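Values in this document were obtained by computation on a predicted structure and should not be read as measured data.
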Amino acid sequence: MTVSFFSATDPKVHRHLRSRVSGAYSMTSILAMETLVQKVADECWQQFGRFADSGEPIPMHQWANYFAFDVVGQLAMGGKLGFIEQGRDVGGIIGSIHDGFYLMANMGNVPLQMFWFNNRLAQWAIKSFGGTRMNAFSVFLEWLEKRVDERLNNGLGDRRRDMLQRFVEAKDVRGHPVKKGDVMIEGVNILGAGADTTTIGILAILGALLLHSEQKERLQREIEEAYQKLGLGDGLEIGFKEAEKLPFLSAVIKESTRLHPSIQYQLPRYVPKGGIQIGPYYLPVGTCCGISPASMNRSKDIFGDDADEWRPDRWIASSKEEERAIKERNLLLTTFGMGNRSCVGKNLATVEMYKFTAQFFRHFDAELVNHEQPWVTKTQWFALQTKFWIKVSRRKPKTSEPDSGNDSLVS
Ligand code: HEM
């Protein structure tokens, strides 16, 4: 496979590689595929309904992961991977990605880094003696290759234009069609960068709400009202465009992901020619420096003395002056990074988090299984929550018929 924009360090190469696929990540493109996201969500609610009926607790750290991985599969791999349908890590793909991050995060501290694994001898040993767990990623790559071959040979057919199609249609620097390896690297990129990160966001939101039941009920009232106003009866779900208009939902999402950003290690950059002055510090050319979204998002200078508290109302303005202050704070929020390497998948993640939260709390009530230790966070670049168990029960929200506005004429 070729180089990906995720790992490209040359700014020119990065710009080219990112710009040729950035259209696939635009909000317009994501919203054109919203029904594919909804399909995954519908399947998820069905499965959660079964948990509610049996009273069995849900390992949300796994199910939120299944949701995010299936969405990425639907949008970027030409079909869901089947995690939700089967309720398990199909083919050990998720496990192998987690193992990969564990390995990379640790090898980053070892001299020669990944050389110890990326040489022929090590690769041969892994293939020969590594067992299914070590080879799960190869199994996934073979699966991905088949999907890409299928699309390259058979075209889109009667399918909706998805991200995979956009990756297939991208051009190289000389304007020639990209090769299979280029298409595959985009799939790997999106799977590595786009599923666990969104999972963490969803769990951060659920966790904060389940620890603050009054605020959870406030959110449920807001969601319920929206469903009623929009006349959404059985089987009709709120779409992203409607959900993003809900002020408390928006505040909850922003605040929860502020306190628990998916990526918490430093985002490293090399200082360019000429060096750089940052406050009182001069950093010469080539210095590797970075900032952690977790520290930036909890800065008291930016968010005030209660920066460590979960307080969604900090994002709801009650005056013009507050509105201005919120806009400024928003610019300094580092959850999705900053600058030209900031998150290309922000739109997709945002759509997923809004839809998941609004629809989940519309259908279900939930409580944490263990209030003393609701979850355990394991950080290996991504700060993934584990042991996050909840119990759900079905809600019976009032549904209303769409307001026809002509009742009096009928009588
Ligand atoms: C809540 C969810 C997410 C969060 C918090 C998040 C966060 C971030 C952050 C902080 C960066 C910047 C890294 C840096 O500056 O070095 C980043 C980059 C990136 N993200 Fe996300 N991300 C999320 C979801 C996604 C999704 C859904 C995708 C793909 C569909 C994605 C794909 C990427 C890629 C490819 C990059 C590299 C961009 C580049 O180097 O130009 N992310 N993300």
Side-chain angles (χ1 to χ4, degrees), residues 40 44-45 47-72 81 83-84 86-106 133 136 191-213 215-216 252-253 255-265 292-294 297-298 308-310 335 349 352-353 356-357 360-361 363-393:
V40 180
C44 204
W45 312 144
Q47 294 280 35
F48 286 2
R50 290 193 192 109
F51 279 103
D53 297 341
S54 71
E56 239 185 288
I58 305 183
M60 268 312 281
H61 51 284
Q62 289 171 353
W63 282 84
N65 226 199
Y66 298 162
F67 170 79
F69 271 95
D70 265 345
V71 167
V72 164
L81 295 150
F83 300 116
I84 291 188
Q86 299 192 32
R88 66 185 181 92
D89 176 9
V90 184
I93 292 170
I94 299 179
S96 79
I97 289 173
H98 291 177
D99 286 350
F101 273 109
Y102 177 77
L103 185 74
M104 287 185 284
N106 283 292
R133 190 157 170 190
L191 203 88
D196 280 338
T197 45
T198 310
T199 304
I200 297 168
I202 289 172
L203 292 174
I205 298 160
L206 284 190
L209 286 164
L210 298 184
L211 287 173
H212 299 85
S213 56
Q215 303 285 30
K216 182 198 71 180
V252 162
I253 292 175
E255 181 68 347
S256 310
T257 49
R258 175 183 75 84
L259 281 183
H260 190 123
S262 311
I263 297 177
Q264 305 207 351
Y265 283 8
S292 149
N297 280 4
R298 284 174 184 247
D308 286 330
E309 269 172 49
W310 184 77
T335 310
E352 287 183 69
M353 291 190 294
F356 190 99
T357 311
F360 175 85
F361 282 106
H363 291 293
F364 302 101
D365 230 322
E367 58 177 316
L368 292 161
V369 169
N370 183 352
H371 269 267
E372 301 306 308
Q373 194 180 53
W375 59 85
V376 174
T377 303
K378 191 174 168 192
T379 306
Q380 41 200 39
W381 216 54
F382 294 160
L384 197 57
Q385 303 91 330
T386 61
K387 301 185 183 169
F388 191 123
W389 290 84
I390 64 168
K391 275 194 134 189
V392 295
S393 52

Taking the side chain as everything from C-beta on, heavy atoms only, tell me whether [X] gets closer than 4.5 Å to [Y].
X	Y	value
Lys391	Ile58	no
Thr357	Leu206	no
Trp389	Pro59	yes
Thr377	His260	yes
Phe69	Ile97	yes
Phe51	Glu56	yes

Say you draw a straight line from [atom1] of [X] to [atom2] of [Y]; how long is it, rounded to the nearest 0.5 Å?
X	Y	atom1	atom2	answer
Glu255	Gln215	CD	CD	10.5 Å
Leu203	Asn65	CG	CG	8.0 Å
Gln62	Thr199	CD	OG1	11.5 Å
Ile390	Phe48	CD1	CZ	6.5 Å
Thr198	Met353	OG1	CE	7.0 Å
His98	Tyr102	NE2	OH	14.5 Å

Ignoring hydrogens and geometry, is there a side-chain-to-backbone donor-acceptor pair from [X] to [Y] under 3.5 Å?
X	Y	answer
Asp70	Phe83	yes
Gln373	Asn370	no
Tyr66	His61	no
Gln380	Asn106	no
Asp196	Ile200	no
Thr386	Val376	yes

[X] and [Y]: which non-hydrogen atoms are nearest, and at how many Å?
X	Y	answer
Ser256	Ala204	CB-O, 3.7 Å
Ile94	Asp89	N-OD1, 2.9 Å
Arg258	Glu309	NH2-O, 3.0 Å
Ile202	Ala64	CG2-CB, 4.2 Å
Pro261	Gln264	O-NE2, 3.1 Å
Thr379	Tyr265	O-OH, 3.2 Å

Carefully, step by step, assess Met60 and Phe388 under the rule side-chain contact (heavy atoms from CB on, under 4.5 Å). CA-CA 6 Å; Met60 268 312 281; Phe388 191 123; 3.7 Å; yes
Among Phe364, Phe361, Trp63, Trp45, ring pair (Phe, Tyr, Trp, His ring centres under 6.0 Å) partner for Phe356: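 The residue from Phe364, Phe361, Trp63, Trp45 that satisfies ring pair (Phe, Tyr, Trp, His ring centres under 6.0 Å) with Phe356 turns out to be Trp45.
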Do the side-chain N and O atoms of Asn297 and Thr335 include a donor-acceptor pair separated by under 3.5 angstrom?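 Their side chains do contain a donor-acceptor pair, which is all the 3.5 Å distance test asks for.
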